Amino acid sequence: MRSPRVTLAVWAAAVIAAVAGLCALVPLTGPDRGLRVEAAVTPSAPVASPEPAEEPAAAPFTLAEVRGHLLDQPAGEPVSVDARTAEILLYCAECIRLEAPLTIAGERFQIALVTDPGTDSVVSAAVIGAREGEPALRLIVSGHELSLTPGRGGTLVAQESQYGPRDRACCPSGWSVQIYRYHNGRFEAGQQISQRGSE
């Protein structure tokens, strides 16, 4: 006959084994706590898809055509390229870039910006139109740190920095704004506003 101590030990071992067995079975039979099922969300308004980007208008002429035209300006033209711009274009093919084409009074134009070699500083801006399918220079503006942008009512606005007598080469203190209006097939200089550099 077994002693009460041995019987108790056997019963304790049996209970521990049973509890351990149940603990091992619970994860297999219990619900998966890692997965949550939620009600599907229905948007109250349709999701807007982004509008396709508008294709940029094709340039009337290529960069090579514009550069070639500016270098081969025939004599006697009402608008001509200045000596500094011609020299830059002759020796620096990377010193010209085209801006987005624009339409003024139903006519398409291309703006070409000429920069100082090795810099982003614009020294000339040329406006190219078309004559019998070929590039035709309609306006050229030269200056220091120049910009030429479309303005209101079919105008072009040229802005440049200007030096005062005491300004260092890095730091012009004045500026000038000139308005050009397209009239009867040509650009005419209009209002000019300027602020002189430091004296």
Side-chain angles (χ1 to χ4, degrees), residues 54-164 167 169 171-197:
E54 215 175 278
E55 287 292 322
F61 303 104
T62 67
L63 187 60
E65 289 173 323
V66 170
R67 181 171 177 261
H69 173 69
L70 294 175
L71 284 171
D72 297 333
Q73 275 293 292
E77 288 290 317
V79 181
S80 59
V81 176
D82 59 276
R84 181 181 181 203
T85 301
E87 184 178 14
I88 291 172
L89 289 172
L90 185 61
Y91 295 109
C92 182
E94 298 81 28
C95 294
I96 182 172
R97 69 176 185 266
L98 299 181
E99 297 289 279
L102 62 141
T103 302
I104 300 175
E107 192 171 339
R108 302 257 300 151
F109 296 99
Q110 184 72 57
I111 296 177
L113 302 178
V114 179
T115 59
D116 255 335
T119 74
D120 289 329
S121 180
V122 176
V123 295
S124 295
V127 181
I128 311 296
R131 183 185 302 136
E132 299 175 359
E134 296 295 320
L137 180 62
R138 298 299 179 85
L139 173 70
I140 190 160
V141 183
S142 298
H144 180 75
E145 295 178 0
L146 182 71
S147 69
L148 185 66
T149 55
R152 293 182 180 176
T155 60
L156 290 174
V157 181
Q159 183 171 341
E160 65 171 308
S161 299
Q162 292 189 334
Y163 286 94
D167 290 342
C171 313
S173 60
W175 51 266
S176 172
V177 175
Q178 175 80 59
I179 308 295
Y180 293 91
R181 184 173 302 281
Y182 191 62
H183 180 69
N184 289 335
R186 53 193 290 255
F187 285 96
E188 299 173 349
Q191 182 181 13
Q192 182 175 21
I193 306 167
S194 63
Q195 177 178 313
R196 295 184 62 180

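Numbering starts at 1 and runs along the sequence shown. Scope of the values below: all heavy atoms of this structure, side chains included, with no hydrogens, waters or symmetry mates. Not measured: the values here are computed from a predicted model.
- For the pair P117 and I88, the minimum side-chain heavy-atom distance is below 4.5 Å.
- R181 and G153 get closest at one heavy-atom pair: NH1-O, 3.5 Å.
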Q: Please step through side chain to side chain contact (heavy atoms under 4.5 Å, CB included) for the pair R67 and L98, ending with a clear verdict.
A: CA-CA 10 Å; R67 181 171 177 261; L98 299 181; over 6 Å; no

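- Residues L148 and Q178 have side chains not in contact (no heavy-atom distance under 4.5 Å, counting atoms from C-beta outward).
- Side-chain contact check for F61 versus H69: every heavy-atom pair is 4.5 Å or farther apart.
- Atom CG in L139 sits 6.0 Å away from atom OH in Y180 (nearest 0.5 Å).
- Residues passing the side-chain contact (heavy atoms from CB on, under 4.5 Å) test with E99 are R97, I111, L113, sequence neighbours excluded.
- Annotation: the span from E65 atom CD to E134 atom CD amounts to 7.5 Å, rounded to 0.5 Å.
- Nearest heavy atom pair, residue L102 against residue P150, reads CD1-CG, 4.3 Å.
- The SG atom of C95 sits 11.0 Å away from the CD atom of E87 when rounded to the nearest 0.5 Å.
- Across every non-hydrogen atom of A112 and I96, the tightest pair is CB-CD1, 4.0 Å.
- Rounding to the nearest 0.5 angstrom, the gap separating the CD atom in Q162 from the NE2 atom in H144 is 10.5 Å.
- The nearest pair of heavy atoms linking S161 to E145 is OG-OE1, 3.0 Å.
- Here CD1 of I179 is found 12.5 Å from CZ of F187. Values are rounded to the nearest 0.5 Å.
- Residues S80 and I140 come closest through the heavy atom pair O-CG2, 3.4 Å.
- Residues that satisfy the salt bridge (charged side-chain N to carboxylate O under 4.0 Å, His left out) test with D82, not counting sequence neighbours, are absent from this structure.
- Across all non-hydrogen atoms, the minimal contact from S176 to Q192 is OG-NE2, 3.0 Å.
- With a 4.5 Å cut-off on side-chain heavy atoms, V123 and L146 do not count as touching.
- To the nearest 0.5 Å, atom CZ of residue R108 and atom CD1 of residue I128 are 14.0 Å apart.
- In this structure, V141 and L156 have side chains that are not in contact, with every pair of non-hydrogen atoms separated by 4.5 Å or more.
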